[in-house]
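A quick write-up on the structure given underneath.
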Amino acid sequence: MENKFELSSVILRVVLGIIFFIHGFVKFQGGIENTVGWFSSIGLPGFLAYGVALIEVVGGLALVLGLFTRWVSVLFAVLMLGAILKVKLAAGFLGNGQMAGYELDLAFLVMAVSLALTGSNTFALDQLIFKGQKTKSATSLN
């Protein structure tokens, strides 16, 4: 491993992947129709629930494995931005006693943006699949 930056990127990638995978899996496990109904109740088209859950499950697994990290992270950032603006913003940063605030969603957004900007090549399947191709790697600021 080249430096601490690479190790921190791997940790960030794997943890964010696990979190999103679990969130998506629970949407399917608990009955995706419940999520469809909830989306409809907040003014979003219900069919978006399928897309969100699928992105979370497949994207979470992809991050854990180190596949298409930058692209998946962009999708996760978009999901988190939507969650903050459409659902959590009205409750405030820490919540309003009836609903959690957007502090955790903001942390996930920043984690996703960080991975989208820097990538994470260490212990990633992308390194095996695209071995012959030159990939953009993040440069350290130190």
Side-chain angles (χ1 to χ4, degrees), residues 1-96 99-142:
M1 201 162 319
E2 290 180 30
N3 57 33
K4 293 176 189 175
F5 170 79
E6 284 297 324
L7 178 60
S8 67
S9 292
V10 171
I11 293 168
L12 199 62
R13 186 188 84 221
V14 171
V15 169
L16 192 64
I18 290 169
I19 290 168
F20 271 97
F21 175 82
I22 292 170
H23 273 260
F25 183 74
V26 167
K27 284 178 177 69
F28 285 114
Q29 186 182 35
I32 190 69
E33 291 304 319
N34 293 332
T35 307
V36 169
W38 183 75
F39 270 51
S40 296
S41 76
I42 63 168
L44 292 172
F47 71 87
L48 284 180
Y50 292 98
V52 168
L54 193 62
I55 289 170
E56 289 176 346
V57 169
V58 174
L61 188 58
L63 276 190
V64 170
L65 297 173
L67 290 168
F68 310 108
T69 297
R70 290 178 189 240
W71 292 107
V72 170
S73 296
V74 167
L75 290 174
F76 285 169
V78 169
L79 290 181
M80 288 297 88
L81 195 57
I84 291 169
L85 295 175
K86 183 65 181 170
V87 181
K88 302 283 186 90
L89 194 60
F93 186 75
L94 295 175
N96 58 12
M99 169 190 253
Y102 61 87
E103 74 281 0
L104 188 58
D105 300 86
L106 183 61
F108 293 155
L109 171 63
V110 172
M111 291 168 70
V113 168
S114 174
L115 285 171
L117 292 173
T118 63
S120 175
N121 294 329
T122 304
F123 302 122
L125 285 182
D126 277 346
Q127 288 298 97
L128 295 173
I129 295 170
F130 304 111
K131 194 172 192 168
Q133 299 176 12
K134 203 170 193 178
T135 59
K136 291 181 185 178
S137 62
T139 56
S140 180
L141 296 176
N142 51 4

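Taking CZ of Arg13 as the start and CG of Leu65 as the end, the distance is 8.0 Å to the nearest 0.5 Å. The distance from the CG atom of Leu115 to the CG atom of Leu12 is 4.5 Å, given to the nearest 0.5 Å. Note that the CG atom of Leu48 and the OG1 atom of Thr35 stand 12.0 Å from one another [nearest 0.5 Å]. The CZ atom of Phe123 sits 8.0 Å away from atom CG of Leu7, with the distance rounded to the nearest 0.5 Å. In this structure, CZ in Phe76 is found 5.0 Å from CG in Leu63, a value given to the nearest 0.5 Å. Rounded to the nearest 0.5 angstrom, Leu89 CG and Ile84 CD1 are separated by 8.0 Å.
In terms of heavy-atom proximity, Gly17 sits nearest to Val64 at C-CG2, 3.8 Å. Ala100 and Ala91 get closest at one heavy-atom pair: O-CB, 3.8 Å. Between Val72 and Ala62, the closest heavy-atom pair is CG2-CB, 4.0 Å. The shortest heavy-atom contact between Glu103 and Leu94 is OE1-CA, 3.7 Å. Closest approach of Phe68 to Phe130, counting heavy atoms only: CE2-CZ, 3.9 Å. When all heavy atoms of Ile32 and Ala53 are compared, the pair lying nearest together is CD1-CB, 3.8 Å.
Using cut-offs of 30° and 60° for the angle between ring planes, the Phe21 and Phe25 rings count as parallel.
For the pair Phe93 and Lys88, the minimum side-chain heavy-atom distance is 4.5 Å or more. Within the 4.5 Å cutoff, side-chain heavy atoms of Thr118 are placed close to those of Ser9. With a 4.5 Å cut-off on side-chain heavy atoms, Leu67 and Ile129 count as touching.
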Taking it one step at a time, do Val113 and Leu109 satisfy side-chain contact (heavy atoms from CB on, under 4.5 Å)?
CA-CA 6 Å; Val113 168; Leu109 171 63; 4.1 Å; yes
For Val10 and Val14: C-alpha separation, side-chain torsions, deciding distance, then whether side-chain contact (heavy atoms from CB on, under 4.5 Å) applies.
CA-CA 6 Å; Val10 171; Val14 171; 4.3 Å; yes
Between Lys86 and Phe39, does the side-chain contact (heavy atoms from CB on, under 4.5 Å) criterion hold? Intermediate values first, please.
CA-CA 10 Å; Lys86 183 65 181 170; Phe39 270 51; over 6 Å; no
Go through the steps to decide whether Arg70 and Leu117 satisfy the test side-chain contact (heavy atoms from CB on, under 4.5 Å), and finish with yes or no.
CA-CA 7 Å; Arg70 290 178 189 240; Leu117 292 173; 5.9 Å; no
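Among residue pairs with one or both ends in residues 16-27, those qualifying as salt bridge (Lys or Arg N to Asp or Glu O under 4.0 Å) are Lys27-Glu56; sequence neighbours excluded.
Checking side-chain atoms of Asn96 against main-chain N and O of Gly92 turns up no donor-acceptor pair under 3.5 Å. A distance-only check finds a donor-acceptor pair linking the side chain of Ser40 to the backbone of Val36 [under 3.5 Å].
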